[in-house]
Structures are given as C-alpha cells and as structure tokens.
Number of protein chains: 2
Amino acid sequence: MAEIQRPGALYQQVAAAIREAILSGEFEPGAPLPSEAQLIERYKVSRPTVRNAIAALRAEGLIEVKHGKGSFVRSSGLPVLTVERRVSLSGADQFTTADGETWKIVDGPSVYRTQTTAATGSLLQLGEREEVFGCDRTLLHQATGARALHRTLIPFATADQVPGLADSPDAEPEAIYGMLANAGHELWWHETVRARMPLPDERSALHLPDATPVLHTTRTTHRLDRQALILEELCLGADRAQLGYRITADEDGNARTATA
Amino acid sequence: MAEIQRPGALYQQVAAAIREAILSGEFEPGAPLPSEAQLIERYKVSRPTVRNAIAALRAEGLIEVKHGKGSFVRSSGLPVLTVERRVSLSGADQFTTADGETWKIVDGPSVYRTQTTAATGSLLQLGEREEVFGCDRTLLHQATGARALHRTLIPFATADQVPGLADSPDAEPEAIYGMLANAGHELWWHETVRARMPLPDERSALHLPDATPVLHTTRTTHRLDRQALILEELCLGADRAQLGYRITADEDGNARTATA
DNA sequence: AGTCGTAACTCGTCAGGACAAGTGACGTCA
DNA sequence: TGACGTCACTTGTCCTGACGAGTTACGACT
C-alpha cells in the first residue's frame with residue numbers, strides 16, 4: 001500500500017480499497033476481480049495480506065471466490081422468493097406455500113420417532129425427552145432455486161387424539177391442519193423467526209454460498225385454549241428467499257391485535 | 001495431527017477435532033479454549049493451520065476470540081427477546097413493541113428528506129427518486145441488551161393527506177397508524193423478513209459479534225384498496241432477538257387466510 | 001474432425017519466522 | 001496502602017516460500 005494508512009491494519013486498507021472499487025462501479029456484479037497475483041502487484045503487499053483482505057470481503061458477502069477461476073463480485077440481484085406464511089385448511093395435496101408456486105420434495109418425507117429436547121419440549125408444553133413423531137423433508141423451489149428443510153414434530157398425545165394422524169405422520173402440514181380441524185379443534189398458530197449461520201450439514205443440504213445465513217422459523221399449532229398440538233420447523237437459505245406476513249388490527253383496535 | 005486424516009484439509013480436521021471436543025462437553029460454554037500455542041503442541045501443526053481452524057469455528061459462530069485473552073466457547077444461552085410483530089392503534093407514547101418491555105432510543109429520532117431507491121420505491125408503489133421523509137432511530141432493549149435500527153419512510157403524498165403527519169414525521173409508528181386511522185383509512189400491513197450479514201456500520205451500531213446475521217424486516221402500511229401509505233424498516237441483531245407472529249385462519253378456511 | 005494430454009493460469013493449504021498490540025498479574029516504589 | 005511499571009502471556013498482523021488442486025485453452029496425436 002503506497003497510500004496513506006488511515007483506518008488500521010494493512011489488509012483492512014486493501015479490503016477497503018477493493019470495496020470502494022466495487023461500489024464505485026469499477027467491477028460490476030458478476031465480473032471477476034483481479035487475481036491474487038495482480039492484487040499483490042497493485043497494492044504492493046504480500047499474498048497473506050491480499051488473502052486476508054479477500055477473506056474479509058467474503059465474510060461480508062460482497063464477493064464470491066471460485067477455486068481455480070478467481071474472485072467475483074457477488075450479484076445481489078438474485079430472484080427472491082417470498083414465502084408467504086399463511087395458513088389454509090384446504091388440505092392441498094402438494095407441498096405448496098400458498099403462493100401458487102410448487103416446491104419439489106428432493107429428500108423425504110422420512111418419518112422417525114424421537115424425543116423432545118429442552119427447546120422443542122418447551123414449545124410443545126411438554127417436558128424434555130417426551131416421545132414424538134418426527135418427519136423431515138428437503139424442499140426445492142424450482143422457479144427460484146431456493147431450498148429449505150422442513151420438520152414436523154407430533155407428540156404421541158396429539159396423534160392419539162386425532163383420527164388418521166397416527167397412520168400418516170408424513171402428511172403435509174395443511175393436510176394435518178385439516179385433520180386437526182376435523183377432530184373438532186379450533187386452531188391458531190404462533191411462529192417465531194430467527195436468523196443464524198447454518199451448521200455445516202445445513203450448508204451443504206441447502207447449497208449455501210459463503211456468508212449466507214438461514215431463516216429458521218418454528219411454528220406451533222394451538223387450540224383456542226392455548227394447548228400446543230404440533231410443532232413445525234422450517235429452515236431456508238436467506239440468499240434466495242424471504243418470509244412474508246400479512247398483519248391486520250383487531251376490530252376493537254386494541255393491544256391484542258395482530259395477525260399476518 | 002497424528003490421527004487418520006479423513007475429511008480433507010488439515011485445518012478442517014483440527015477444526016472438527018475442536019468442534020467435537022466442545023460438543024462433547026470437554027469445554028463448557030464460556031470456558032476458554034487452549035491457546036494457539038497449546039493447540040500447536042496438541043495437534044502438531046503450524047500456527048497458520050491452527051489459526052485457520054479457529055477462523056472456521058468463528059465463522060460458524062461456535063467460538064469467540066478476544067484479543068490478548070484467548071478463545072472462548074460461545075455461550076448459546078443468551079436471553080432471547082421475542083419481538084412480537086403485531087399492531088396496536090392505541091398510539092402509545094413509548095417505542096414499545098407491545099410485549100410490555102420498553103425500548104430505549106439511544107440515537108435519534110433524526111428526520112431528513114431523501115429519495116426512494118428502486119427497492120423502497122417499488123414497495124411504496126412509487127417510482128425511483130421520489131421525495132420522501134425519512135426518520136431513523138437506534139433502539140436498545142434494556143432488559144436483554146438487544147439493539148435495533150428503525151427507519152420510517154413517509155411519501156410526501158401521504159404526509160399531505162393526513163392531518164398532523166407532515167408536522168411530526170418523527171412520531172412513533174403506532175402514533176402514525178393512529179393518525180392514518182383518524183384520517184379515515186382502514187389499514188392493514190404487509191411485512192417481509194430477510195436475513196443477511198450486517199454491513200460494517202451496522203455491525204458496530206448493533207454491537208454484533210462475529211458471524212452474527214441480522215433480521216431485516218420491511219413493513220408497508222396499506223389502505224384496504226392496497227394503496228401503500230408508509231414504509232418501515234427494522235434491522236435487529238439475531239444474537240439476542242427473534243420475531244414472533246400470531247397466525248389465524250380465515251373463517252371460511254379458504255386460501256386467502258392468514259394473518260399473524 | 002475429434003480426443004486427449006499438457007501447460008499455464010487460478011485459488012487452497014501449510015510451514016516457519018518475526019514483531020505489534022491487548023491483557024493481567026506481579027513486584028517495586030512512593 | 002496505593003499507584004505504577006514491567007513482564008509474561010494472549011491473539012493480531014505480515015512476511016517469505018513451497019506445493020497441491022481445480023480450471024481452461026491450446027496443441028499434438030489419433
């Protein structure tokens with residue numbers, strides 16, 4: 001670096017210089033950056049410094065590196081799928097999310113028996129190590145390439161109460177909602193949304209690039225008396241997908257309003 | 001590494017070994033890991049290899065490194081704030097999110113005039129470079145330490161139509177909803193949730209540790225005829241906060257259901 | 001023409017060394 | 001007793017050098 005060193009470490013100055021070059025339009029989205037050798041020449045630094053700078057830009061999600069090919073400005077304009085999180089009791093056949101587009105099940109459904117953890121048990125208003133059915137699927141949204149992992153957890157107590165459920169724990173969510181409704185339950189749902197970095201196996205299952213978090217939702221199905229019936233988890237890569245909620249205020253315009 | 005080398009690179013084997021040691025309980029959450037020098041001794045590798053392994057675990061969010069002190073297993077049991085995303089028209093004074101806990105405004109509100117971008121213009125059903133009011137706040141949830149950035153965008157057309165709004169674009173969201181309702185509008189909202197890595201300035205403003213994504217929500221306030229009135233953006237660190245939605249099915253149990 | 005091997009590029013990995021910078025404990029000195 | 005400087009520890013930064021591995025294009029051989 002021949003320039004004045006203002007912020008801090010050398011590699012941060014190099015990273016800042018490259019970042020500016022990208023944002024100023026010198027390198028367009030999708031275009032290749034100079035190779036490491038060229039950056040060494042350009043900024044008069046050693047290779048570890050260049051690689052450190054590149055690593056910082058990768059962690060920011062600004063660039064993407066392909067072994068044997070080079071570094072590229074990540075194109076931010078991927079087709080984004082909005083997964084509308086609403087509920088239909090129609091009991092549709094396909095694994096759709098009510099946006100008209102279909103998901104393809106590329107793995108599963110695989111049913112197994114397991115036990116609740118502290119977290120899942122709490123959400124289901126059960127203790128730890130209670131017996132539940134589990135059902136996992138890996139989904140691919142064909143129009144956009146978005147991928148997701150879906151898991152359904154059904155407590156034995158719920159399966160026993162609802163006709164047909166114990167025989168088909170691999171039914172799709174809205175079909176299950178239909179069974180619960182037919183069993184006489186009035187239903188509502190609560191969903192929490194977290195963002196986190198994917199575990200290594202999630203990274204590969206969802207084909208996630210570097211520095212890409214996942215949206216992790218947990219949806220509990222409740223009766224009107226707040227009894228939790230089933231639990232669903234949906235984990236989807238944040239590079240191609242976002243969630244959508246519709247929110248309305250209650251008629252009385254009071255604090256207990258909401259819905260989406 | 002004296003052991004058999006299965007997966008791939010040396011540093012990945014070291015990372016896997018440390019990861020196993022953590023998950024097996026050899027190092028408890030919050031406890032310090034062996035120093036780099038000790039890891040070099042333990043696995044018989046060079047310092048770059050050890051540092052590379054540590055960098056991988058950092059990117060996974062599994063450990064946390066403090067300059068001059070050492071590496072520590074990140075304690076996953078932070079108090080998690082669930083931000084319930086619902087709407088009240090009560091026009092409350094404080095910047096609360098209806099969960100009874102209060103946010104403290106540590107920066108702002110600062111009002112300015114700006115222009116729509118392609119993204120925000122599209123959400124507001126306007127073109128690019130349309131004039132809008134902007135209002136930014138930095139929030140701190142005192143009970144949990146969660147931080148958030150909030151932005152309100154109000155098109156001039158909306159401010160002109162609604163009594164009082166042009167004079168106080170820095171009003172808090174639910175106060176603005178109240179103004180809109182008083183102006184005779186029936187309101188509903190649509191919210192999208194994305195996860196992404198924070199920009200450098202967001203990282204420092206939100207005091208985010210390594211490998212921590214942000215939850216980025218955009219909420220548009222609509223009239224019944226789908227006309228968009230205002231736009232809000234909320235950006236909160238995913239280490240201490242999650243979002244909560246309540247979902248109900250329509251009475252007719254049809255496809256157009258939802259709400260949360 | 002088609003196939004295949006090689007060569008020249010790219011980034012990935014690993015070694016060893018040196019010094020800077022932050023932290024905490026200990027001992028010295030006022 | 002109290003304040004402060006030093007020292008031993010930690011991680012951060014930066015260098016040089018070397019080889020492995022993936023990619024691509026070119027040219028020779030069939």
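Chain naming here is simple, since letters A, B, ... match the order of the sequence lines and numbering starts at 1 in each.
- Along DNA chain C, the stretch of nucleotides lying under 4.0 Å from any heavy atom of chain A spans, 5' to 3', dT10(C) to dT13(C).
- Atom pair I54(B):CD1 and dT13(D):C1' shows a separation of 15 Å (rounding to whole Å applied).
- As a whole-Å value, the separation of H67(A) NE2 from dA21(D) P is 9 Å.
- In summary, D210(B) and R203(B) engage in a salt bridge, as defined by a charged side-chain N under 4.0 Å from a carboxylate O.
- A pairwise comparison of heavy atoms in Q242(B) and T82(B) identifies NE2-OG1, 2.8 Å as the closest pair.
- Here the closest non-hydrogen pair linking H150(B) and L139(B) is CB-CD1, 4.2 Å.
- Heavy-atom distances to DNA chain D give each of E36(B) and P48(B) a nearest nucleotide, and the one nearer the 5′ end belongs to E36(B).
- Atom P of nucleotide dT11(D) and atom CG of N52(A) are separated by 17 Å, given to the nearest angstrom.
- Regarding R51(A), its CZ atom lies at a distance of 14 Å from the C1' atom of dC19(D), rounded to whole Å.
- Between the side chain of R47(B) and the base of dG12(D) there is at least one donor-acceptor pair of N/O atoms closer than 3.5 Å.
- With a 4.5 Å cut-off on side-chain heavy atoms, T218(B) and V193(B) do not count as touching.
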Practice item. With side chain to side chain contact (heavy atoms under 4.5 Å, CB included) as the test, would you mind laying out the steps for Y245(A) and H190(B) before giving the verdict? Key: CA-CA 6 Å; Y245(A) 295 91; H190(B) 188 264; over 6 Å; no
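- Side chains of E191(B) and E232(B) form no contact here, defined as non-hydrogen atoms less than 4.5 Å apart.
- In this structure, the OH atom of Y43(A) is 15 Å from the P atom of dC14(D), given to the nearest Å.
- As a whole-Å value, the separation of Q12(B) CD from dA21(D) P is 13 Å.
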